[in-house]
There are 2 protein chains.
Amino acid sequence: MLFFSKTCIYGIRAALYVASLGKQEYVPIRAISEQLNISFHFLTKILQILTQQNLMISYRGPNGGVSLAKPADQIKLIEIIEAIDGSNLFTECILGLPGCGTQSPCPIHAQWAVTRQGMQNMFENTSLAELGRQINELGLRLADT
Amino acid sequence: MLFFSKTCIYGIRAALYVASLGKQEYVPIRAISEQLNISFHFLTKILQILTQQNLMISYRGPNGGVSLAKPADQIKLIEIIEAIDGSNLFTECILGLPGCGTQSPCPIHAQWAVTRQGMQNMFENTSLAELGRQINELGLRLADT
DNA sequence: TATATTTAAGACTCTTTTATCTGAAAATAC
DNA sequence: GTATTTTCAGATAAAAGAGTCTTAAATATA
């Protein structure tokens with residue numbers, strides 16, 4: 001049981017990778033998929049979502065590919081997360097209790113609301129550029145191998 | 001994308017319901033499933049897990065059913081969660097970054113670790129009795145209708 | 001114009017989760 | 001013993017998520 005869907009995780013990783021290249025040119029999805037060890041066709045679908053949501057720009061043909069629609073320091077993680085997984089991740093009752101909601105939260109929900117708000121703030125305040133920089137400083141990689 | 005699996009949520013709700021009845025007799029699974037609007041056969045399977053993990057006791061035949069293996073104030077939510085969803089929920093990297101782990105966490109992971117620890121503590125400290133009482137005080141129901 | 005490169009789009013498959021069905025096995029009551 | 005009530009166990013089905021494949025459309029370049 002993952003917090004984010006794989007689709008969402010792959011989307012974030014791909015966006016981080018494109019951001020890390022920091023160039024103006026389009027990056028072919030095939031190149032991204034090979035670098036990150038993500039199935040090409042699957043990644044294509046995911047990036048289509050991001051382009052449809054105006055977070056990326058795509059271009060067909062030779063020298064085509066995708067690029068960020070905005071500078072990497074202006075794209076917040078929350079934008080990618082909500083584009084792919086939707087925003088209900090941060091609103092639903094964790095126990096699925098029928099009456100439970102923001103108005104009348106169950107105890108777990110109330111606690112979770114605090115917790116969740118912290119995470120949401122984090123995703124709202126962290127840009128691709130920022131996260132990429134931090135990941136780089138820590139010597140972590142984006143790829144599986 | 002839910003935080004807990006439906007199996008886990010149903011397990012918790014069923015345990016809360018049995019606890020709420022607070023009687024010594026066995027509660028038929030059919031009655032629980034009807035009260036909580038959960039598929040009988042599905043719930044049967046879930047409760048089988050809980051009995052196998054010694055959180056519940058089951059008894060066959062007329063007047064049979066399930067009951068809590070311990071007083072409700074001695075069963076912590078974490079026991080049910082780990083019995084059903086396992087304990088890895090609280091250890092994995094939220095972004096699925098390859099190198100990321102407890103040893104060298106990515107920034108998101110580090111933040112998530114704090115968040116997660118808070119939740120884990122909550123689940124470790126909250127008993128069925130306690131949660132049931134709170135839900136009751138708030139006027140929330142366990143059933144879908 | 002022809003060809004190669006690249007994303008777009010939709011159908012399709014595979015896997016996991018969720019849910020249902022069926023036939024036991026066990027316990028009880030009569 | 002026989003019928004009834006209940007859990008147990010395994011097969012099956014439906015739905016959703018993850019991943020693959022094929023064809024079409026757009027672009028660049030020769």
- Query: Contacts to DNA chain D from residues 53-60 of chain A, heavy-atom cutoff under 4.0 Å, which residues?
  - Reply: A/Tyr59, A/Arg60
- Message: In whole Å, I'd like the distance from the CG atom of A/Asn63 to the C1' atom of D/dA26.
- Response: 13 Å
- Summarise how protein sits on nucleotides 13-23 of chain D as a single string, 5' to 3': B when a protein heavy atom is under 4.0 Å from the base, S for sugar-phosphate-only contact, - for no contact. -----SBBBB-
- Might you point out which heavy atoms bring B/His109 and B/Cys93 nearest each other, and give the distance in Å? ND1-CA, 3.1 Å
- Message: Taking 4.0 Å as the cut-off, does a side-chain nitrogen or oxygen of B/Gln52 come that near to OP1 or OP2 on D/dA9?
- Response: yes
- Query: Within this structure, what is the CZ-to-C1' distance between B/Arg30 and D/dT4, rounded to whole angstrom?
  - Reply: 14 Å
- Closest non-hydrogen contact found for B/Asn54 with B/Ala69 is O-CB, 3.4 Å
- Starting from C1' on C/dA9, measure out to CD1 on A/Ile46 and report it in whole angstrom. 15 Å
- Note on the structure: Rounded to whole Å, OH of B/Tyr26 lies from P of D/dC8 at a distance of 11 Å
- Note on the structure: Across all chains, not counting sequence neighbours, the ring pair (Phe, Tyr, Trp, His ring centres under 6.0 Å) partners of A/Tyr17 are none
- Query: Rounded to whole angstrom units, what separation is found between the CD atom of B/Gln48 and the P atom of C/dT18?
  - Reply: 17 Å
- Task: For B/Ile46 and B/Gly11, work out which heavy atoms get closest and say how close.
- Result: CG2-CA, 3.7 Å
- Message: Can you confirm whether the side chains of A/Ser5 and A/Asp85 place a donor and an acceptor under 3.5 Å from each other?
- Response: yes
- Query: Roughly, in whole Å, what's the span from CD1 in B/Ile29 to C1' in C/dC21?
  - Reply: 16 Å
- Note on the structure: Separation of C/dT6 atom C1' from A/Ile32 atom CD1, nearest Å, is 12 Å
- So, A/Thr51 side chain and A/Gln48 main chain: donor-acceptor pair closer than 3.5 Å or not? yes
- Distance, nearest 0.5 Å, that separates CD of A/Gln35 from OG of A/Ser33: 9.0 Å
- Task: Mind running side chain to side chain contact (heavy atoms under 4.5 Å, CB included) on B/Val66 and B/Tyr26 for me, showing each step along the way?
- Result: CA-CA 5 Å; B/Val66 294; B/Tyr26 292 103; 5.6 Å; no
- Query: What is the distance from CD1 of B/Ile49 to C1' of C/dT18, rounded to the nearest Å?
  - Reply: 12 Å
- Message: Testing B/Val18, B/Val27, B/Ile29 one by one against B/Leu47 for a side chain to side chain contact (heavy atoms under 4.5 Å, CB included), which residue passes?
- Response: B/Ile29
